Amino acid sequence: MKVVEDDYGTVTGSFQVKNPTDGAMRGTRIGAVCFQPSGKINGGGSHYPDLIPPSGKVLVEVNLITSGRIDRCEAYAAPGDF
């Protein structure tokens, strides 16, 4: 995940999400978790892309809310329909 902070202090994470299936994915929740250099969680965010096409990918941008220095962020996808 690429993490950037703009001139106004807004922190955004961007990354690609792939759909390995032959069906469209709708309502997928993408959660991002950010960590301090010590390994403790210090924030994150989420995004819900409208559609991830069959065998396709989308660029996801997540507004992150964090406190302190960010060492790294990781993203996780969860299906929309259980």
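Computed from heavy atoms alone, side chains included, the values below leave out hydrogens, waters and symmetry copies. This is a predicted model, so every value here is computed, not measured.
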Give the minimum heavy-atom separation between Gly13 and Met1, together with the two atoms involved.
CA-SD, 3.9 Å

Do Phe15 and Val33 land in one hydrophobic cluster if side-chain heavy atoms of ILVMFWY residues count as linked below 4.5 Å?
no

Can you list the residues that meet the side-chain contact (heavy atoms from CB on, under 4.5 Å) rule with Asn63, with sequence neighbours excluded?
Thr10, Thr12

Looking at OG of Ser67 and CD1 of Ile41, how far apart are the two atoms once the value is rounded to the nearest 0.5 Å?
11.5 Å

For the atom pair NZ (Lys2) and CD (Gln16), what is the distance rounded to the nearest 0.5 Å?
12.5 Å

Co-membership, hydrophobic cluster, residues Phe35 and Val3, 4.5 Å side-chain
no

So which atom in Ser14 and which in Leu59 form the shortest heavy-atom distance, rounded to 0.1 Å?
CB-CD1, 4.4 Å

Tested for side-chain contact (heavy atoms from CB on, under 4.5 Å) against Thr28, the lone hit among Ile52, Val17, Val58, Leu51 is Ile52

Please report the interatomic distance CG(Asp50) to NE2(His47), rounded to the nearest 0.5 Å.
7.5 Å

Could you work out, with side-chain contact (heavy atoms from CB on, under 4.5 Å) as the rule, every residue matching Ser38, not counting sequence neighbours?
Gln36, Lys40

Answer yes or no: is there a donor N or O on one side and an acceptor on the other, between the side chain of Thr21 and the main chain of Pro54, under 3.5 Å?
no

Heavy atoms only: give me the nearest Gly45-Leu64 pair and the separation to one decimal.
N-CD2, 3.9 Å

Side-chain donor or acceptor of Asn19 paired with backbone N/O of Pro53 under 3.5 Å
yes

Can you tell me how far OH of Tyr76 sits from CD1 of Ile30, rounded to the nearest 0.5 angstrom?
12.5 Å

